[in-house]
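Beneath this line is the structure, given in structure tokens, with notes to follow.
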Amino acid sequence: MPRLRALLGVGVLSGAVYACPLAAESTHDAWLRYAPIERTAREKYASFPAAVVVLGDSPTLGTAQRELIRGARGMLEKTLRAKKELPREKAIVLGTIVSIQALVPGFSARSSLGEEGFWLTTENLRGFQCLIVTATTDRGVLYGVFALLSKIAQIADLSDLNEVQQPYAPLRWVDQWDNLDGGIERGYGGRSIFFEDGKVLTDLTPVREYARLLASIGINGCAINNVNADPRLLEEDFLPQLARVADAFREWGIRIAVSIDLSSPKVIGRLDTFDPLDPRLTQWWRKKVDSIYRRIPDFGGFVVKADSEGRPGPSTYGRTPADAANVIARALKPHGGVVFYRAFVYDHHLNWQDPKSDRARAAYDIFHPLDGKFDDNVIIQIKHGPIDFQVREPVSPLFGGLQHTNVAMELQITQEYTGQQRHLCSLPSMWREVLDFNFQLDRDGASVKDIVSGKTFHRPMGGFVGVANVGMDESWLGHPLAMANLYGFGRLAWNPDLSPRAIADEWTRLTFGNDPAVVSTLSEMQVDSWTVYESYTGPLGLQTLTDILGSHYGPGVESSERNGWGQWHHADHDGVGMDRTVATGTGYVGQYPPPIAKLYESLQCTPDELLLFFHHAPYTHVLKSGTTVIQHIYDSHYEGAERAADNVHHWKLLRGRIDEQRYSDILARLQYQAGHAIVWRDAVCNWFFRASGIPDAHHRVGNYPDRLEAEAMQLQGYSIVNVVPWENASGGKAIECVQPRRCTASFRFARNAGWYDIDVVYFDQNNGVSSFQVFVGDQVVDEWMANDTLPATKIGGDSSTRRRIRGLALRPGDDIRIAGIPDREEHAPLDYVEIHAPLE
Ligand code: GCV
């Protein structure tokens, strides 16, 4: 980040400007916090109208007016006068084109606004210069209000405003994977905001707040329950509860949908079948859908996961996804509802010994032959890559394979495979690459963004679905910076031509204010963070290399091998990667149109970052970068871990420019990430070192001069344990205190006198809260509780955590002692300490 350093280094924006401590800020309002803008900037809005007129009385327009008043009060510290009619002064006017024309007959939009676009303009209305927010629909007006408020928060000039915006695609939805018991599958931000104990929650305030955030980024639909759906949701007595949720969303212009279990007619409907071609099914779904619409007239429709990961589906009766989707679509059609049928259909009992078997092929093999067979209110919801939200995958070939069918792209906002909101991993950078991918079909405009928005193949529907999984956590997703992914998803769904940098800038300004140092530091950190995460987890298209059989969080290099889930990388003594070529592999490459297939078929032409997704390459294969595969694996992991550590350093330069509460919260998370990146680095590098037998040219892998293994210390009470898998603990071993009270591990410091940092690497499980004390001689230099809630019940890559004790004056012969006090299932486990010159 050279530019960033320059900006901060020269002290252009000295800390003195921000010398007063900034008031603590909640993370709950996210990018809609409407903090007062700087006094100097407020001059710009000196002539801002004092009144806001709303032309119409729909709930959405009322919401728009209230939001504008709220925003102006927060940012400009002015309370606008709420009006229903044009006052005899300049005003902000909110209303549809038709309602403005009723006042001013000559008024007309300069270009087509579509159903959800808006126009911000200034116009002389009855002798007064007014700021107009208009659209074809009330929802468009609401979007326009949010755009106006966003401009004010970013201190934009409003004097000559004349801006038309239109969403790129009609469907911009989020899915929530919430269960009726209140848990959220792959949710990392607390309990459900919708459900608890099998019921919809009584207080739906968080749902309204969520709807507000979603509306502000143009989201127009939300499927509220897990795609691994509970049939109870469709029981008649549950429908009034769904109607309450729909009410909470409605004023923000968002329709709700639900995920359904295709066996519902049998499970809750007392039929003896759920064969989609049985006429009783048609009737059952029609009755059910009619009943839903009686309670929720603007109901959006259904999301279907079927024949996948154990879910029931049409294959039970030898029927196709088209048979299943259409029967439901026909019931929804008269009401304007849609079916999102997920293409995430695959066999998770694949034969890993069969070199031709390949999970990546599944979606195309199943859905391509059905192209054109789906009704026009069915949308095939396709994950962006052929596997499952890995840190890097090629674009799913199915986007090019459905030319007579509506499609939507499914992206994952919740960071299941990308650090679970404990690691900063900003996804708009990844998504933008996917959206720009061009299928090179025999026509113009065959990029993914054009295909999914329906433009390329002239489809009536299409769009974007983001799996969000927000929860009750104060900051919704569990990490305040993770909200940039929700924001970025909405912004790209609205306008996929926005650059990741522009989105990061916008989000940072709205969330943290306009201090240029904060904006530039945080935006650069975000934009880089995806490739940082990739480089210390799974580079070269290896996929994430996480523990796919467990938490999907920490390293688990071999967990994907020798099982039926099909996320194989086939690493052996000589090489690594899946051969997916047509010539010698699984043939997956042949699912792409010829120019792209030609590129991926060739080991030489495949881009380095996807090489091992498509090819089994020898470790000694030389990449385009000039380095070998194995050396790249080592270098990338070391570089990634260093870049994660750099983020801590960059963030620290912002102290005093951000309120202390958010500053320290984020600092602690970045420090944790830097430590966990080392866990990843060491696990993956050591595993590949052992597999390949090829040493690191820079002698880093397996060689840690500053490190002292816990098992090599003097132990009192502690016992040595082997860690499985071995690469997830340094030296493959750790120590545990199985005694009920207290154990110690000690050693003598044998280096020169000086200032040092000590890193203590321990394991923080979620089934106990051990405590630790570190002594130098008799002096306690640090103590802490291992009370994080990591997804781990045992010692390993998920629980491994680093504690850095800074600035210790150590002398040769010092006795350094770590005392661990176990709690329940967590036995104060320790891995190693590292002593080094102060770093940050
Ligand atoms: C909701 C992955 C996740 C599952 C998820 C599934 C899906 O396999 O690990 O938790 O199930 O994707 O997208 O349906």
Side-chain angles (χ1 to χ4, degrees), residues 175-182 185 192 194-195 197-200 221-246 255-342 344-345 373-375 377-381:
D175 282 3
Q176 288 276 144
W177 288 350
D178 297 35
N179 295 318
L180 298 196
D181 67 2
E185 184 157 347
S192 172
F194 301 108
F195 309 111
D197 290 336
K199 295 197 271 293
V200 167
C222 177
I224 62 172
N225 64 308
N226 193 351
V227 287
N228 294 325
D230 188 328
R232 277 182 300 159
L233 206 93
L234 290 185
E235 299 263 27
E236 280 304 298
D237 60 1
F238 206 92
L239 301 185
Q241 301 188 53
L242 289 184
R244 286 182 42 237
V245 179
R255 301 163 87 187
I256 70 155
V258 296
S259 297
I260 53 169
D261 179 320
L262 283 189
S263 67
S264 300
K266 191 169 169 192
V267 180
I268 61 161
R270 291 201 229 107
L271 296 186
D272 58 6
T273 180
F274 63 95
D275 178 353
L277 297 193
D278 187 309
R280 288 172 297 165
L281 261 281
T282 309
Q283 234 184 359
W284 192 89
W285 281 111
R286 193 165 291 154
K287 233 174 118 196
K288 182 55 69 187
V289 166
D290 290 349
S291 172
I292 295 175
Y293 276 91
R294 270 197 297 281
R295 293 170 171 92
I296 312 173
D298 58 351
F299 183 68
F302 295 135
V303 179
V304 178
K305 173 176 179 179
D307 289 322
S308 175
E309 300 183 334
R311 307 304 299 172
S315 70
T316 310
Y317 301 96
R319 311 297 186 201
T320 69
D323 297 329
N326 291 344
V327 70
I328 302 163
R330 284 166 202 164
L332 289 161
K333 175 93 178 170
H335 304 281
V338 298
V339 178
F340 282 90
Y341 199 101
R342 298 177 83 224
F344 187 63
V345 180
K373 299 212 161 61
F374 292 93
D375 282 10
N377 61 332
V378 176
I379 300 112
I380 304 302
Q381 181 169 320

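One distance of note links CD of Gln176 with SG of Cys222; it measures 5.5 Å at 0.5 Å rounding. The structure places OG of Ser264 at 10.5 Å from CG of Leu271, a figure rounded to the nearest 0.5 Å. Interatomic distance, Asp275 CG to Arg319 CZ, rounded to the nearest 0.5 Å: 4.0 Å. Atom OG of residue Ser192 and atom CD of residue Glu185 lie 13.0 Å apart, to the nearest 0.5 angstrom. Atom NZ of residue Lys288 and atom CD of residue Gln283 lie 13.5 Å apart, to the nearest 0.5 angstrom.
Distance alone, capped at 3.5 Å, places no donor-acceptor pair between the Arg342 side chain and the Lys305 backbone. With Asn377 contributing its side chain and Ala329 its backbone, the two residues share a donor-acceptor pair below 3.5 Å. The backbone N or O of Asn225 sits less than 3.5 Å from a side-chain atom of Ser259, completing a donor-acceptor pair. Not one N or O on the side chain of Asn228 forms a donor-acceptor pair closer than 3.5 Å with the backbone of Gly310.
Between Phe238 and Phe195, the two ring planes are tilted [angle within 30° to 60°].
Closest approach of Gly313 and Asp307 over heavy atoms only: CA-OD1, 3.2 Å. Between Ile268 and Pro231, the closest heavy-atom pair is CD1-O, 3.6 Å. Looking at every heavy atom in both residues, Ala306 comes nearest to Leu262 through CB-CD1, 3.6 Å. Counting all heavy atoms, side chain and backbone alike, Val227 lies closest to Arg311 at O-NE, 4.3 Å. Gln241 and Val200 get closest at one heavy-atom pair: OE1-N, 2.7 Å. When all heavy atoms of Gly198 and Arg232 are compared, the closest pair comes out as CA-NH1, 4.3 Å.
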Would Tyr341 and Asn326 count as a side-chain contact (heavy atoms from CB on, under 4.5 Å) if you check the C-alpha gap in whole Å, the side-chain angles of each, and the deciding distance to 0.1 Å? CA-CA 10 Å; Tyr341 199 101; Asn326 291 344; over 6 Å; no
When you look at Lys199 and Asp197, which way does the salt bridge (charged side-chain N to carboxylate O under 4.0 Å, His left out) test go after all the steps? CA-CA 6 Å; Lys199 295 197 271 293; Asp197 290 336; 5.9 Å; no
Check the pair Asp290, Arg294 against side-chain contact (heavy atoms from CB on, under 4.5 Å), reporting the backbone distance first and the verdict last. CA-CA 6 Å; Asp290 290 349; Arg294 270 197 297 281; 4.1 Å; yes
Ile260 and Val304: side-chain contact (heavy atoms from CB on, under 4.5 Å), yes or no, with the steps? CA-CA 6 Å; Ile260 53 169; Val304 178; 3.9 Å; yes
Under the criterion side-chain contact (heavy atoms from CB on, under 4.5 Å), I'd like the reasoning laid out for Phe194 against Ile256: C-alpha separation, chi angles, the key distance, then a yes or no. CA-CA 12 Å; Phe194 301 108; Ile256 70 155; over 6 Å; no
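Residues Thr320 and Asp323 have side chains that bring a donor and an acceptor to within less than 3.5 angstrom of each other. With 3.5 Å as the limit, one finds no donor-acceptor pair spanning the side chains of Thr273 and Asp278.
Side-chain contact between Thr282 and Arg330 is absent, with no heavy-atom pair separated by less than 4.5 Å. When side chains are defined from C-beta on, Trp285 counts as touching Pro265, because their heavy atoms get closer than 4.5 Å. Contact of the Asp375 side chain with the Lys333 side chain is not registered, since no non-hydrogen atoms from C-beta on lie closer than 4.5 Å. No side-chain heavy atom of Leu242 sits less than 4.5 Å from a side-chain heavy atom of Ile292. Contact annotation: the side chain of Tyr317 never approaches that of Leu277 to less than 4.5 Å [non-hydrogen atoms, C-beta and beyond]. Side-chain contact between Val258 and Ile224 is present, with at least one heavy-atom pair separated by less than 4.5 Å. Between Phe299 and Leu239 there is no side-chain heavy-atom pair separated by less than 4.5 Å. Taking 4.5 Å as the limit, some side-chain heavy atom of Tyr293 sits within range of a side-chain heavy atom of Leu332.
The residue from Asn179, Asp175, Asp178 that alone fulfils the side chain to side chain donor-acceptor pair (under 3.5 Å) condition with Asn226 is Asn179.
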